[in-house]
Student: 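Shown below is the structure under consideration.
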Protein chains: 2
Amino acid sequence: MPTPRTTAQRTALLDVIGARRGAFSALDLFDAVRERAPRLGLATVYRTLDRLEQDGVLRRLGGSAGSADRFVVCDPSHHHHHLICTGCGSVEETELCAAPPEGELKRRHGFVATSHQADVYGLCRSCAA
Amino acid sequence: MPTPRTTAQRTALLDVIGARRGAFSALDLFDAVRERAPRLGLATVYRTLDRLEQDGVLRRLGGSAGSADRFVVCDPSHHHHHLICTGCGSVEETELCAAPPEGELKRRHGFVATSHQADVYGLCRSCAA
DNA sequence: ATAACTGCAAACGGTTTGCAAGTCT
DNA sequence: AGACTTGCAAACCGTTTGCAGTTAT
């Protein structure tokens, strides 16, 4: 895994991603970055997103097949979950953990948990009004 | 929403689904049912799965785009979560639930939770050995 | 009779890939 | 120079849809 190179496309992508607050799809990103880099190809967006996901910078929120994957900027250094607003699609993080405790899972089910995905759906502050 | 009709295809599908223990994809189901109903179309499988999901009989475990959705037989009458084995693909249910208390979410994030989805990945009892 | 269901094939949307050309180091 | 990156277009995969024919009620 080589060190990423500093290309115009990569810079533009990182720039736009850094300015995002909520979740976005590859196409969202494509459209946004294209305004400043019209020749950007969609494939490059996907390749960059994959890489950022591997690096732990982004987290992929997989939806059902047929709908596009979405990504959120994600600090992997602390454990957190996502609050996904069904009204406006925004995503925020919370430190409150929504997963069954590992010890209890082991005891009652013999199940050794390695990771969990606990996303909470509902309405964010603005949409709740 | 009309009452479903009793057709040969539907019967065969329900039959195979009922005998399943773990999670399965539409294609898994298609292959299995085809052995007894060779003329079955894949579209019918999808249409039936959609319907069963709406009826709460199945739950769809969405993967990332590009990979197929999988389904599990699901009793919607009681709250539960899934323990998904990354070794053998089996899925079991647990009643253990540690969802963040709604009051806390409301207070700290202004977020009104309506539902949550907490799937835990890891190794089941047999695979852990 | 008629509303629902089916198979087929074609369309679809999102994502990935092969490749020749271009670019960072 | 040489490895990496890019754009483009075509391929890919799972899923959905239009439609004409069939079937349960």
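Here is the naming used below: chain letters follow the sequence lines, and residue numbers restart at 1 for every chain.
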Student: Going from NZ on A:Lys106 to CG on B:Leu123, what distance comes out if it is rounded to the nearest 0.5 angstrom?
Tutor: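 Here the rounded value is 10.5 Å.
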Student: Which nucleotide sits closest to the side chain of A:Arg5: C:dT15, D:dT17, D:dA3?
Tutor: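 The answer is D:dA3, which lies nearest to the side chain.
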Student: Specify the residue among A:Ala43 and A:Leu27 whose closest nucleotide of DNA chain C lies further upstream toward the 5′ end.
Tutor: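 Looking at DNA chain C, the more 5' nearest nucleotide goes with A:Leu27.
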Student: When you measure from the side chain of B:Asp15 to the backbone of B:Ala12, do you find a donor-acceptor pair of N or O atoms at a distance under 3.5 Å?
Tutor: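 Checked: no pair found.
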Student: Let's see if you can work this out: which of D:dG7, C:dT6, D:dG2 has an atom nearest to the side-chain heavy atoms of B:Gln9?
Tutor: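 So the side chain of B:Gln9 is nearest to C:dT6.
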Student: Find the distance B:Phe30:CZ to D:dT16:P and express it as a whole number of Å.
Tutor: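 Whole-Å distance recorded here is 15 Å.
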Student: How close or far is atom P of C:dC5 from atom CG of B:Leu14, stated in whole angstroms?
Tutor: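 So the two atoms are 13 Å apart, to the nearest Å.
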Student: State which of C:dT6, D:dT25, D:dG7 makes the closest approach to the side chain of B:Thr6.
Tutor: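 The answer is D:dT25, which lies nearest to the side chain.
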Student: Of the options C:dT17, C:dC5, C:dG7, whose atoms approach the side-chain atoms of B:Arg51 most closely?
Tutor: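 Of all the options, the side chain of B:Arg51 is nearest to C:dC5.
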Student: Please say whether more than 12 non-hydrogen atoms of neighbouring residues, nucleotides or ligands are located less than 6.0 Å from CD in B:Glu93.
Tutor: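 Enclosed: over 12 neighbouring heavy atoms sit under 6.0 Å from CD of B:Glu93.
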Student: Pick one: which of A:Asp31, A:Ile17, A:Val16, A:Val72 meets side-chain contact (heavy atoms from CB on, under 4.5 Å) with A:Phe24?
Tutor: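 Result for side-chain contact (heavy atoms from CB on, under 4.5 Å) with A:Phe24: A:Ile17.
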Student: Quick one about B:His81 and B:Thr94 (side-chain donor to acceptor, distance below 3.5 Å, no hydrogens or angles considered), yes or no?
Tutor: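 No - no donor-acceptor pair under 3.5 Å links their side chains.
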Student: If you assign each of B:Arg39 and A:Leu42 to its closest nucleotide in DNA chain C, which residue comes earlier from the 5' end?
Tutor: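 Looking at DNA chain C, the more 5' nearest nucleotide goes with B:Arg39.
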Student: May I have the distance from B:Leu13 (atom CG) to C:dC5 (atom C1'), rounded to whole angstrom?
Tutor: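 The distance from CG of B:Leu13 to C1' of C:dC5 comes to 12 Å, rounded to the nearest Å.
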Student: Could you state the atom-to-atom distance from CG of A:Asp69 to P of C:dG13 in whole Å?
Tutor: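 Going from A:Asp69 (CG) to C:dG13 (P), I get 17 Å.
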Student: Would you indicate which nucleotide in C:dC8, C:dC5, D:dC8 comes nearest to any side-chain atom of B:Arg47?
Tutor: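 Shortest atom-to-atom distance from the side chain points to C:dC8.
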Student: Assuming nearest nucleotide by heavy-atom distance, tell me which of B:Ala8 and B:Asp50 is located more 5' along DNA chain D.
Tutor: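 Its nucleotide being nearer the 5' end, the pick is B:Asp50.
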Student: Quick check on DNA chain D: between A:Ala37 and B:Tyr46, whose nearest nucleotide comes earlier from the 5' end?
Tutor: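 The 5'-side residue here is A:Ala37.
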Student: Can you tell me the distance, in whole Å, between the CG atom of B:Asp28 and the P atom of D:dT15?
Tutor: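 Those two atoms, CG and P, are 10 Å apart.
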Student: Of the nucleotides D:dG7, C:dT6, D:dT15, which one has an atom closest to the side chain of B:Thr7?
Tutor: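 Nearest listed nucleotide: C:dT6.
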Student: Taking only the side-chain nitrogens and oxygens of A:Arg10, find out if one of them lies under 4.0 Å from OP1 or OP2 of D:dT6.
Tutor: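 A:Arg10 to D:dT6 OP1/OP2: no side-chain N or O under 4.0 Å.
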Student: Find the distance A:Arg34:CZ to D:dT6:P and express it as a whole number of Å.
Tutor: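 So the CZ-P distance, A:Arg34 to D:dT6, works out to 15 Å.
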